[in-house]
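What follows is a single structure, written as structure tokens, with notes after it.
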Amino acid sequence: MPSHTDTIASLRSVIHNPREIFSASKMLKDLEAVKVEAKNDPQVLREATILIGEVEYKRGELTAALSALEEAMAMPRQSTDVTEDCQSHNLMAKINSELGRHESAAKQYKIAAELAKSAAKLTASQKLGLYEKYAFELHECRQYQEALKINTETLEKAEQLFGKDDPRLTTIITNTAQNLYMLKRFAEAKKFLERCLAISTKSGNIEKQQDMLFQLGVLACEEGDAKDARLYMQQRVALLSKHGNQHMLDVAKSDLAELENRLKK
């Protein structure tokens, strides 16, 4: 008969396999059974509760998932490896974000990011990604200055890791521009948007290019520069006429028409 630890390992392998199809209700029953049988084993109890949270999330029961994960994180950790805790706080943050609870999401991402520093199983890229998500939630909480601080620090580390022109930087560059925009630092925001446009153009990312042209157009309009606003929106339409799908092109044309109407007023 397999040990409780072996049973947990077997169930975890099924839950974490993206190609595996399983019955969520049966899996939850199996995990609850393990909790009953291993009531005197704190490590197994904790791991089973974490997996219950993960299964509840997979089947869309966000509140139940969050409750299970919070219960698990309140239990003492027996292992010195913090990777599982880091991943659990990351999932808790994701759930809170999906529920619109951005302050709680920011708190959980911060915990996950701090834990990740000593999580040997996580890559440098994954660790930076947690800070990127943390800053995003701070932005959603309107803490723009703090979000900018985190994004600036994370961007510097990402540049050292990937290089300054790597396409993997486009999201954090865009987020930094959004921080600056909300702080009314428009000239600085423009430089970041232009940088992101250059990277996405070089890598051939049409969707990102058109998004940057749109944001540059909005920024120019905000600054009262009608000429540049129109130019960016026209460039966007021209780009999507050659490379975009019909829906994206229709949206771009509609945005240009709306801009023209605004400029006439």
Side-chain angles (χ1 to χ4, degrees), residues 3-18 20 22 24-25 27-141 143 146-147 150 154:
S3 67
H4 295 132
T5 300
D6 290 339
T7 300
I8 284 292
S10 177
L11 295 176
R12 184 190 293 111
S13 67
V14 173
I15 295 168
H16 289 179
N17 185 348
E20 190 78 46
F22 61 89
S25 58
M27 180 63 75
L28 290 172
K29 288 180 181 179
D30 290 343
L31 288 166
E32 289 292 353
V34 171
K35 288 182 67 175
V36 172
E37 294 170 5
K39 59 184 179 181
N40 295 321
D41 188 331
Q43 181 63 22
V44 171
L45 278 174
R46 194 174 194 269
E47 291 181 0
T49 306
I50 290 172
L51 291 176
I52 286 172
E54 293 180 6
V55 174
E56 291 287 17
Y57 177 74
K58 283 178 177 288
R59 70 173 187 162
E61 297 293 337
L62 303 187
T63 303
L66 193 58
S67 177
L69 291 167
E70 288 174 344
E71 179 187 346
M73 291 302 99
M75 299 176 185
R77 174 165 40 86
Q78 306 298 313
S79 170
T80 57
D81 185 2
V82 300
T83 302
E84 189 172 53
D85 281 24
C86 177
Q87 293 170 335
S88 293
H89 283 288
N90 178 41
L91 182 54
M92 290 166 70
K94 185 177 181 181
I95 293 170
N96 276 303
S97 182
E98 291 179 14
L99 291 172
R101 303 171 183 172
H102 297 295
E103 288 186 10
S104 295
K107 179 181 177 181
Q108 293 299 330
Y109 275 131
K110 183 178 181 180
I111 294 172
E114 289 300 312
L115 286 170
K117 291 180 179 179
S118 55
K121 294 180 182 179
L122 296 183
T123 66
S125 178
Q126 289 173 319
K127 293 177 182 182
L128 290 177
L130 290 169
Y131 279 101
E132 182 180 298
K133 293 173 183 177
Y134 171 40
F136 177 84
E137 294 300 332
L138 287 173
H139 184 92
E140 292 298 299
C141 295
Q143 297 182 39
E146 182 62 20
I150 299 298
T154 305

Inset, instruction - Identify the two heavy atoms, one from Leu122 and one from Ala116, that lie closest to each other, and give their separation to 0.1 Å. - result: CD1-CB, 3.9 Å
Inset, instruction - Would you check if there is a donor-acceptor pair between the side chains of Tyr131 and Glu114 at a distance under 3.5 Å? - result: yes
Legend entry - Pairs where residues 45-57 contributes a residue and the test salt bridge (Lys or Arg N to Asp or Glu O under 4.0 Å) is met, not counting sequence neighbours: Arg12-Glu47, Arg46-Asp85, Glu56-Arg59
Legend entry - Close side-chain approach of Leu69 to Ile95, heavy-atom, < 4.5 Å: yes
Legend entry - Where Ala38 and Val44 come nearest, the two heavy atoms and their spacing: CB-CG1, 3.6 Å
Legend entry - Euclidean distance, Glu137 CD relative to Glu140 CD, rounded to 0.5 Å: 6.5 Å
Legend entry - Nearest-0.5 Å distance, CD1 of residue Ile8 to CG of residue Leu31: 5.5 Å
Legend entry - Interatomic spacing from NE2 in His16 to CD in Gln87 - rounded to 0.5 Å: 7.0 Å
Inset, instruction - Report the distance from atom CD1 of Ile15 to atom CD1 of Ile50, rounding to the nearest 0.5 Å. - result: 11.0 Å
Inset, instruction - Can you establish whether the number of heavy atoms outside Tyr134 located under 6.0 Å from its atom OH is more than 12? - result: yes
Legend entry - Straight-line distance of Leu99 CG to Lys94 NZ, nearest 0.5 Å: 12.5 Å
Legend entry - Lys35/Glu71 under salt bridge (charged side-chain N to carboxylate O under 4.0 Å, His left out): CA gap, chis, key distance, verdict: CA-CA 13 Å; Lys35 288 182 67 175; Glu71 179 187 346; 3.5 Å; yes
Inset, instruction - Mark yes or no for whether Asn96, through its side chain, and Met92, through its backbone, hold a donor-acceptor pair below 3.5 Å. - result: yes
Inset, instruction - May I have all residue pairs that pass salt bridge (Lys or Arg N to Asp or Glu O under 4.0 Å) and include part of residues 119-135, sequence neighbours excluded? - result: Asp81-Lys121
Legend entry - Beyond-backbone contact of Ile111 with Leu115, side-chain heavy atoms, under 4.5 angstrom: yes
Inset, instruction - Could you tell me which non-hydrogen atom of Leu130 sits nearest to which non-hydrogen atom of Ala112, and how far apart they are? - result: CD1-O, 3.7 Å
Legend entry - Residue pair Ser118 / Val82: nearest heavy atoms and the distance that separates them: OG-CG2, 3.6 Å
Legend entry - Side-chain donor or acceptor of Ser67 paired with backbone N/O of Thr63 under 3.5 Å: no
Inset, instruction - State whether the number of non-hydrogen atoms from other residues, nucleotides or ligands found under 6.0 Å of Gln126 atom CD is greater than 12. - result: yes
Inset, instruction - Can you measure from OG1 (Thr49) to CE (Met75) and round to the nearest 0.5 angstrom? - result: 3.5 Å
Legend entry - Shortest non-hydrogen contact between Gly53 and Ala65, atoms and distance: O-CB, 3.2 Å
